[in-house]
2 protein chains.
Amino acid sequence: MGLAKTEIFTDLQNEIAVIAKAFGHPARVAILQHLFKMDTCVCGDLVSEIGLAQPTISQHLKELKLLGLIKGNVEGTSVCYCIDSENWTKMKAIISQFLDQDLSNKNCC
Amino acid sequence: MGLAKTEIFTDLQNEIAVIAKAFGHPARVAILQHLFKMDTCVCGDLVSEIGLAQPTISQHLKELKLLGLIKGNVEGTSVCYCIDSENWTKMKAIISQFLDQDLSNKNCC
DNA sequence: TTTGTTCATTGCAATATTACGATGAATAAA
DNA sequence: TTTATTCATCGTAATATTGCAATGAACAAA
């Protein structure tokens, strides 16, 4: 039905899924990488940097902002985006904990 | 259009997105967590463990298997799934590298 | 062989996602 | 004020995802 049955999963499982979903599109990965690469914040360079239309980039930025991974500040007519380092660190911890599960003698079958 | 323009992104960006997408559903997160928790492999316990119908679980397992995150071995009428530790390590490295980007003085705006 | 068990596959309905043109809001420059 | 620039939002088309009932395939037990 296109909609996940979130109510049957734990908060952590849902949280991991929501964060991972944000990374689940190459455009959002590219946006985040670019924001990391630039020492200072970037604005609509993202549109020319990545080859997608402006509304499309704007939509991806909105999702990342909604999740809290990035922040956006208005500067005149342009908007400056940057990584929200505090939230990034939190999310990284959640994902890392999931990825770092013990792999000892897990090569069964 | 519901379809990502993968051709305009780098291989790494697409790879990160594909892996993250696999983690982007709580059912798949739950499946992986369960496979990690069990010392030995699990089979269709996943269906009763997670509250989804058998075809739905089977479909999620298929995606995880296709990506290489898990392996499935037939044992009589049942199928035993487990983490593919080698591939898990590889994917973990790719995601970790993405998550570990430098955050120094990235609190602009 | 027949029956039951386990799992995969198919087909479908409901919803989500992606992408973009058109448009609007806000500000800066002329 | 007029015009240009930058970005967000709306509306919509195309496609993807999620979930399950129905069914099929493979095997084990009787």
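When reading the values below, keep in mind they use all heavy atoms of this one structure, side chains included, and skip hydrogens, waters and symmetry mates. So that the names make sense, note that chain A is the first sequence line, chain B the second, and so on, each numbered from 1.
Here Q33(B) pairs with Q13(A) under the side chain to side chain donor-acceptor pair (under 3.5 Å) rule; sequence neighbours left out. Under the side chain to side chain donor-acceptor pair (under 3.5 Å) criterion, K92(B) pairs with D100(A), not counting sequence neighbours. Under the side chain to side chain contact (heavy atoms under 4.5 Å, CB included) criterion, S58(A) pairs with Q54(A), sequence neighbours left out. Judged as a side chain to side chain contact (heavy atoms under 4.5 Å, CB included), and not counting sequence neighbours, the contacts of T6(A) are A4(A), N14(A). Residues passing the side chain to side chain contact (heavy atoms under 4.5 Å, CB included) test with A93(A): none are found, sequence neighbours excluded. Partners of D45(B) according to the side chain to side chain donor-acceptor pair (under 3.5 Å) rule, which considers only residues two or more places apart in sequence or in another chain, do not exist here. Remark: E63(B) pairs with R28(B) by the salt bridge (Lys or Arg N to Asp or Glu O under 4.0 Å) rule, at least two apart or across chains.
Of the candidate nucleotides dC7(D), dA19(C), dT6(C), dT6(C) has the atom nearest to the side chain of S78(B). Counting only heavy atoms from C-beta on, Y81(B) has its side chain closest to dA8(C) among dT17(D), dA8(C), dC7(D). Taking only side-chain atoms of Q54(A), from C-beta outward, the nucleotide of dC20(C), dA8(D), dG19(D) with the closest atom is dA8(D).
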As a quick check of understanding, evaluate side chain to side chain contact (heavy atoms under 4.5 Å, CB included) for L32(A) and I70(A), giving each step before the final call. CA-CA 8 Å; L32(A) 292 167; I70(A) 65 174; 3.8 Å; yes
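Distance CG (N73(A)) to P (dT6(D)): 18 Å, rounded to an integer number of Å. Regarding K71(B), its NZ atom lies at a distance of 19 Å from the P atom of dC7(C), rounded to whole Å. Atoms NE2 (H25(B)) and P (dT15(C)) sit 15 Å apart, rounded to a whole Å. In this structure, CG of L3(B) is placed 7 Å from P of dA19(C), rounded to the nearest angstrom. We find that CG of L46(B) is positioned 12 Å from C1' of dC7(C), with the value rounded to whole Å.
Ring geometry for H25(B) versus H60(B): interplanar angle of 30 to 60°, hence tilted. Using a 30° and 60° split on the angle between ring planes, F98(A) and F23(B) fall in the perpendicular class, above 60°.
Of the residues in residues 4-13 of chain A, none has a non-hydrogen atom less than 4.0 angstrom from any atom of DNA chain C. Within residues 55-69 of chain B, the residues that have a heavy atom under 4.0 Å from DNA chain D are, in order of number, P55(B), T56(B), Q59(B), H60(B), E63(B). Only at 4.0 angstrom or more do the heavy atoms of residues 26-34 of chain A sit from any atom of DNA chain D, so none qualifies.
One finds the CD1 atom of I83(B) at 10.5 Å from the OG1 atom of T89(B) (value rounded to the nearest 0.5 Å). Distance check, rounded to the nearest 0.5 Å: OG1 of T56(A) to CD1 of I50(A) gives 10.5 Å.
Nearest-nucleotide mapping onto DNA chain D: of V79(A) and K21(B), the residue sitting toward the 5' end is V79(A).
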Footprint string (nucleotides 24-30 of chain C, 5' to 3'): B base within contact, S backbone only, - free, heavy atoms under 4.0 Å: ---BS--
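The salt bridge (charged side-chain N to carboxylate O under 4.0 Å, His left out) analysis of residues 46-61 of chain A, with sequence neighbours excluded, yields no pairs.
Judged by distance alone, the side chain of D84(A) and the main-chain N or O of K71(A) form no donor-acceptor pair under 3.5 Å.
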